[in-house]
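This report refers to the structure that appears directly beneath it.
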Amino acid sequence: MLTAPVLALVLTCLASLVLFAALGKPAGAALHALLLKPFLSWYSFSEVLLKMAPLLLIAQGLAIGFRANVFNIGAEGQFIVGALCASALPVYFPDGDFPLMLPAMIAFGALGGTVYALIAAALRTRFGASEILVTLMLALIAVQILNYLLLGPWKDPRGFNFPQTVMFPDNAMLPILFDGTRTNISLIFALLASVFAYLMMQHHFRGYQLRTAGLAPRAALYAGFSAPRMVWLGLGLGGLAAGIAGASEVAGPLGQLQRSVTSGYGYAAIIVAYVGGLNPLGIIGSSFLISVIYIGGDSATVSAGLPVAAVEVFQGLLLFFYLMTFTLIRFRIEIDRKVPA
Amino acid sequence: MSQPALLRLAGVSKRYGTVQANHEIDLEVHSGSIHAVLGENGAGKSTLMKLIYGVEQPDSGHIRWNGQEVHFARPSDAQALGIGMVFQHFSLFETLSVVQNVSLMIPGKPADLAQKITDLGDQFGLSVDPHAMVHRLSVGERQRVEIIRCLLLNPKLLILDEPTSVLPPQNVRRLFETLRKLQADGMAILFISHKLDEIRELCDTASVLRGGEVTGRVDPREHDARSLAQLMIGREMPNVAHAAPQPPGAERLRLNALGHPRASRFGTTLDGIDLKLRSGEIVGIAGISGNGQQELAALISGESRAQEPGMIEIMGKKVGHLGPMARRKLGFAFVPEERLGRGAVPEMSLADNSLLTAHSRSMLSRGFIRRSVERAFTRECIEAFDVRTPGPDAEAGAMSGGNLQKFILGREIMLNPDVMLVSQPTWGVDIGAATAIRKRLLDMRDQGCAILVISEEMDELFELCSKLHVLHNGRLSPALEAAETTPQEIGRYMIGAET
């Protein structure tokens, strides 16, 4: 089970060495920064855990849908909408005089992400619209809503015209998990979500129905598992997780709503979900790996002068090699001589 | 026979992994002879044909053509020497016309090809309109197109794989006339079948295959069906005699003027279907697949919903609007014709495949799966229905068709249904498993279950059913008493000569 991801990581490293060398960068140093530096100080390791929280949370939600062949590609949009909805409270109550501010923000974020994903479910079940396209387009719309709010009604009046909201009051911020770091309790949310996903997908009938719908849709129909329900559930849970992750981002490391909330977690989580084999336990491992690459990538851009895009290429290579090794482990290539008809 | 054999196999063997598919096969086929290759499913018939047609290469042994040793690396090598093959499942494009389909394989101008198709049709009784669209053709006509396409390559040997399995009796007659004309023309024909009566009527030589070896070489005209069967399965034919059915009881399933528009261009519209099924009886629906069988089965199972709730009644309740799970709760069970991907999930274990429809048998506790109950159920099913498998953890996709069918049938029977729909119960199942499956169905009937069987196999329907309907072109014939009708009468309904 671990053959494919490990092999993929090795191949990715080899390909990156060639690529970095071709760029004229010190390839060995770049790889060292990318994969080892994050472990060399407690602070950088805590940053890995900080990155891991949203990736893990979103990927667990997405994987549930993916197992049922429901392809939510626009978790980024649900993440943004979750962040928006959560931000509404501190924006309108900047002094923090709202009871249970933080739980309400998380709830708003969860609700926002879920509803935003369910738009795609409604269009798919009613009109047969592909959820791949709908969620992707909704993600682009979410970015524009974010821009509108930050440039207009929600702009901080004392923010020197920067497109960002006021800084959130203290009671709108997630508690820090380890003193001296930025790692907050959203990591706990993500781990709880992993336990939930594991129990549901491996031991609950609902998860069995989702898996059946993904592996053999006609068997699901034969058994009488409602196909629309699988779509609602798959998209809804993905949106829920992404929404909570979005809320945690503004109530965590950002402390306000700003444009940089669109950091690509929603897209990276797709890679995380697949490299983790869509398995709840595997995803814990893959989210950690991708987080290491994020943090290592930051230091590699500084220490080895890698362009920022190189880190994204590294992630892309990882997914590519994973899908390749996964396929080649399951199937055998047979070269068929052309048979004239 | 003085002249050398057209095709001669000596000591041909082929092995796939641990399975010895063909072992030391000797075979001689002469021009002007119709040679039967007889055997159960899995006896090695298909492998042997693949070796002769160049789809696969033998591990050892020799193939001689007109006395010359030959090696076929690919089917075109065999075609070049004059070997043609008509496969059991047709390879025609439905959206193209006959002549367009032919021109994909045969060089030549369409107008010339159309003329040749008409000429061959006249000569050998294979009439078909060259410009007709294939999706409009009947099964018999499609088979004629396949045969014509082979004949255009001027073969000296024609291989036919189970050619009659898809034909109604009237078309079988016509096919035989064609084959006799080809034989008189000097062609050699390899006729693969497990239907003993047909072989006795048509063929002058029969090679019997069992377990990958030739176990007999006989003149089928000099043997009766029973002794041929014994050669084929290597033991006495299992006795299928069964107690006569009790008079049927209460009504369990009823279709009232069931109609349904087709879902796609290649589907079938169902129209005005009436049917009654009572406790303790087996009713059969005969007919060639593609005449609405799939649509009807999906409507009865709930996989597609009827237009009016009252069009379908199960246990006296109107269920046309209900889904499969709700219908199962009323005591309905269903064995679909596709086992992998519909009746079972190939990637899942047998235990998890039990869960598919048997989850109501205390396999869930607050929605969580009770693995021990699931496994116990699966183990019981494996034992009671003689499913050959390592155990409940075996993947469904790794099992043979017959074993998986026994498992699915067992799972559905263990739900103790009051009414059961079984679609194509023995498709692709070997004769031993098929006999076991039929016996199970008769046992169920005796215990008071109402069973509806949809099948293409006429013998099977006559063996099981007390009443028969024929589904043709989306319409169902009136009920015919099995004891009073004949295969010929059923055949007339199958081709629409009677409605």
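- Residue B:Thr357 touches chain A through its side chain alone, counting heavy-atom pairs closer than 4.5 Å.
- Residues A:His203 and B:Ile369 have side chains not in contact (no heavy-atom distance under 4.5 Å, counting atoms from C-beta outward).
- With rounding to the nearest 0.5 Å, the separation of CZ in A:Arg206 from CG in B:Leu364 is 10.5 Å.
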*A:Leu221/B:Arg342 under side chain to side chain contact (heavy atoms under 4.5 Å, CB included): CA gap, chis, key distance, verdict*: CA-CA 8 Å; A:Leu221 185 67; B:Arg342 186 161 168 210; over 6 Å; no

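- Within a 6.0 Å radius of CZ in B:Arg370, other residues, nucleotides and ligands contribute more than 12 heavy atoms.
- In this structure, B:Met363 and A:Phe205 have side chains that are not in contact, with every pair of non-hydrogen atoms separated by 4.5 Å or more.
- Using a 4.5 Å cut-off between heavy atoms, B:Asn353 contacts chain A through its backbone alone, with no side-chain atom that close.
- Most heavy-atom pairs under 4.5 Å with chain A: of the set B:Arg366, B:Glu303, B:Arg371, this distinction falls to B:Glu303.
- Summarising the geometry of A:Ala216 relative to B:Gly341, their closest heavy-atom pair is CB-O, 3.8 Å, with the distance given to 0.1 Å.
- Taking a 6.0 Å sphere around CZ of A:Phe288, one finds it holds more than 12 heavy atoms contributed by other residues, nucleotides or ligands.
- Summarising the local packing, CZ of A:Phe108 is surrounded by 12 or fewer heavy atoms from other residues, nucleotides or ligands at distances under 6.0 Å.
- With a 4.5 angstrom heavy-atom cutoff, B:Ile106 does not touch chain A via any of its atoms.
- Between B:Phe368 and A:His204, the ring-plane angle classifies as perpendicular under the 30° and 60° cut-offs.
- The candidate from B:Pro346, B:Pro336, B:Ala344 with the greatest count of non-hydrogen atom pairs under 4.5 Å with chain A is B:Pro336.
- Of all non-hydrogen atoms in A:Tyr222 and B:Pro324, the two that sit nearest each other are O-CB, 3.6 Å.
- Neither the backbone nor the side chain of B:Arg327 comes within contact range of chain A; no heavy atoms are under 4.5 Å apart.
- Contact between A:Ala223 and B:Leu356 at its shortest, heavy atoms only, is CB-O, 3.4 Å.
- Residue contact with chain B, scored on non-hydrogen atoms closer than 4.5 Å, involves the backbone of A:Gln202 exclusively.
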*Decide side chain to side chain contact (heavy atoms under 4.5 Å, CB included) for A:Tyr208 and B:Met348; before the verdict, give the C-alpha distance in whole Å, the side-chain angles of both, and the deciding distance to 0.1 Å.*
CA-CA 10 Å; A:Tyr208 172 82; B:Met348 286 187 182; 3.6 Å; yes

